[in-house]
Amino acid sequence: MSTILIRNGHTIDPANGLDAPRDLLLRDGLIAAIDRPVAFDSVEVEETIDAASHIVAPGLIDIHVHLREPGQTWKETIATGTRAAVAGGFTTVVAMPNTVPVNDSVATQDWMLDAARNPFTRLFAMPAATVGSMGEHLTDFEALAKARAVGFTDDGKPILRDAVMRAALVAAARLGLPVSQHAEDPTMSNGAIMNAGPVSFRLGLRGYPAEAEARIVNRDIALLREIELDEKLRPHLHVQHVSTALALQAIREAKAQGLHVTCEVAPHHFALTDEAIGDYNTNCKMNPPLRSEADRQAVLAALLDGTVDCIATDHAPHARHEKEVEFERAPNGITGIETSLGLSLRILHRENGMTISRVMALMSTSPAKLVKLTNAGSLAPGKWADLVIFDPTPEWPFDSSAALSKSKNSPFDGATMLGKVRATIVAGKVRFRS
Ligand SMILES: [Zn+2]
């Protein structure tokens with residue numbers, strides 16, 4: 001029997017409306033009790049963690065992570081990516097399927113989720129919605145769901161064909177899981193590599209318009225409406241890494257009409273604009289690309305008004321030599337799992353007045369709900385003992401060379417982070433301390 005007592009912390013648990021001084025008792029991997037500080041004075045425990053002047057919250061959950069294993073382990077492995085995750089305060093991550101081979105089968109998924117991969121966090125997968133993520137034939141949703149899939153996605157590319165996306169939404173709805181869509185109309189983005197606007201004009205790079213995102217979002221929302229009418233099902237569309245005002249407005253309206261649409265945004269889309277590319281900085285190249293200031297403001301507004309359901313990093317590690325090439329040839333993607341909390345606390349909490357409780361809801365409670373992890377994202381007794389303990393006050397410069405991720409492709413090298421993770425506890429075990 002292993003027990004940990006966390007004392008003197010300020011506990012925030014948005015799932016239960018708690019934002020007050022509380023002590024927590026963890027036993028055998030679960031939350032055993034949560035109570036006012038005096039309640040545990042006589043309890044015998046193996047370890048006591050003093051969380052004075054710290055926030056104690058449910059462990060962060062990232063539903064959009066590229067761990068590169070199998071197949072691209074020079075960029076990241078499940079072990080290194082999840083080790084970086086615990087340093088960032090995360091206790092659960094969801095691996096995207098664009099590995100080599102693509103995770104489109106129970107065999108690949110079982111291999112990824114095997115304890116032999118040595119994950120530091122809880123690990124779940126969103127397998128490919130279509131075989132090889134080729135957009136043509138659906139994978140075996142039912143078998144994959146039984147093998148711990150928490151949704152289906154062809155992330156990296158959109159599920160483009162109407163009939164295939166419709167079938168995916170229907171199949172996922174029968175299992176109560178979301179289809180996560182990378183919303184990009186390739187007939188509009190057409191191989192372009194950054195946002196279309198004054199910056200792409202100045203740099204002489206082909207840009208793709210914001211409409212390319214909204215087009216797919218609107219098409220998918222129309223499919224939801226059709227399926228609800230025709231099939232008497234309630235499909236769940238989750239829109240990944242939304243980056244534009246247009247797409248956010250479409251999602252806001254669909255939600256107001258009662259459709260089951262959720263969405264995530266990535267910290268880089270509320271922290272940066274395409275101006276950050278500067279002199280062809282390839283660590284500012286990702287898909288969807290950094291957008292205009294108007295779009296960044298729209299992302300912030302959508303976070304504040306509840307249109308956005310969760311923050312997800314789209315952590316996408318690449319080796320240095322892969323990014324040290326011409327902008328056009330550099331791969332898309334940046335690391336993000338070690339900077340998500342620090343950026344969210346600085347930009348959302350301090351600069352835009354969001355409560356820390358709301359930040360925790362966006363980073364834990366809400367993503368847990370979205371992928372149906374009913375034992376995560378809450379500090380109620382009986383739930384998983386997955387917690388983050390952080391000091392919300394220190395400011396510090398992020399040093400990508402000191403990052404635990406195998407790759408260092410962050411645009412936030414030297415950027416100011418707010419708040420320091422002091423401990424990350426997964427299933428009642430301290431997996432990170434600083
Ligand atoms: Zn994507």
| Trace of the side chain to side chain donor-acceptor pair (under 3.5 Å) decision for D391 with S53 | CA-CA 7 Å; D391 183 342; S53 78; 4.9 Å; no
| task | List the steps and the verdict of side chain to side chain donor-acceptor pair (under 3.5 Å) for E184 and S189. | result | CA-CA 7 Å; E184 172 190 355; S189 56; 2.6 Å; yes
| field | side chain to side chain donor-acceptor pair (under 3.5 Å) between T244 and E213, worked out | value | CA-CA 7 Å; T244 62; E213 186 170 78; 2.7 Å; yes
| said: Using the rule given for side chain to side chain donor-acceptor pair (under 3.5 Å), can you reason through D314 versus H66, listing the C-alpha separation, both sets of side-chain angles and the distance that settles it, and then say yes or no? | reply: CA-CA 7 Å; D314 195 5; H66 299 275; 2.9 Å; yes
| task | Go through L373 and T92 one step at a time and tell me if the side chain to side chain contact (heavy atoms under 4.5 Å, CB included) criterion holds. | result | CA-CA 10 Å; L373 295 178; T92 293; 3.8 Å; yes
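Looking at every heavy atom in both residues, L348 comes nearest to I311 through CD1-CD1, 3.6 Å. Scanning all heavy atoms of the two residues, the minimum distance from V164 to E136 falls at CG2-O, 3.5 Å. Shown here for H269 and P288, the closest heavy-atom pair between the two residues is NE2-O, 3.1 Å. Between W396 and P394 the shortest heavy-atom distance is CD1-O, 3.8 Å. Closest heavy-atom contact between M363 and S340: CE-OG, 3.3 Å. In terms of heavy-atom proximity, A319 sits nearest to S407 at N-OG, 3.6 Å.
At a cut-off of 3.5 Å, with distance as the only test, a side-chain donor of D155 or H182 sits close to an acceptor on the other residue. Defined by atom type and a distance below 3.5 Å, a donor-acceptor pair is present between the side-chain atoms of K75 and H318. Between the side chains of H238 and E264, a donor-acceptor pair is found at a separation under 3.5 Å.
The pair R350-E395 counts as a salt bridge, with a side-chain nitrogen and a carboxylate oxygen less than 4.0 angstrom apart. Salt-bridge formation is detected for the pair E228/R234: a Lys NZ or Arg NE/NH1/NH2 atom is positioned less than 4.0 Å from an Asp or Glu carboxylate oxygen. Looking at R166 and E231, a side-chain N of the basic residue comes within less than 4.0 Å of a carboxylate O on the acidic one, giving a salt bridge. Salt-bridge annotation for D274 and K285: absent, with no side-chain N of the basic residue lying under 4.0 Å from a carboxylate O of the acidic one. Under a 4.0 Å N-O distance rule, the pair D35/R22 does not qualify as a salt bridge. One finds a salt bridge joining D23 and R7 here, because a Lys/Arg side-chain nitrogen approaches an Asp/Glu carboxylate oxygen to under 4.0 Å.
Applying the salt bridge (Lys or Arg N to Asp or Glu O under 4.0 Å) rule to pairs touching residues 244-263 yields R252-D305, K255-D309, sequence neighbours excluded.
Checked by atom type and distance alone, the side chain of T99 pairs as donor or acceptor with a backbone atom of P101 at under 3.5 Å.
Between F432 and F120, the ring center distance fails the sub-6.0 Å criterion. A ring-centre distance under 6.0 Å is found for H241 and H64.
Taking the six-membered ring for Trp and thresholds of 30 and 60 degrees, W384 and F124 have nearly parallel ring planes, at less than 30 degrees apart.
By the 6.0 Å and 45° rule, K406 does not stack over the aromatic ring of W74.
Side-chain contact between D19 and H10: present, with at least one pair of heavy atoms (C-beta onward) separated by less than 4.5 Å.
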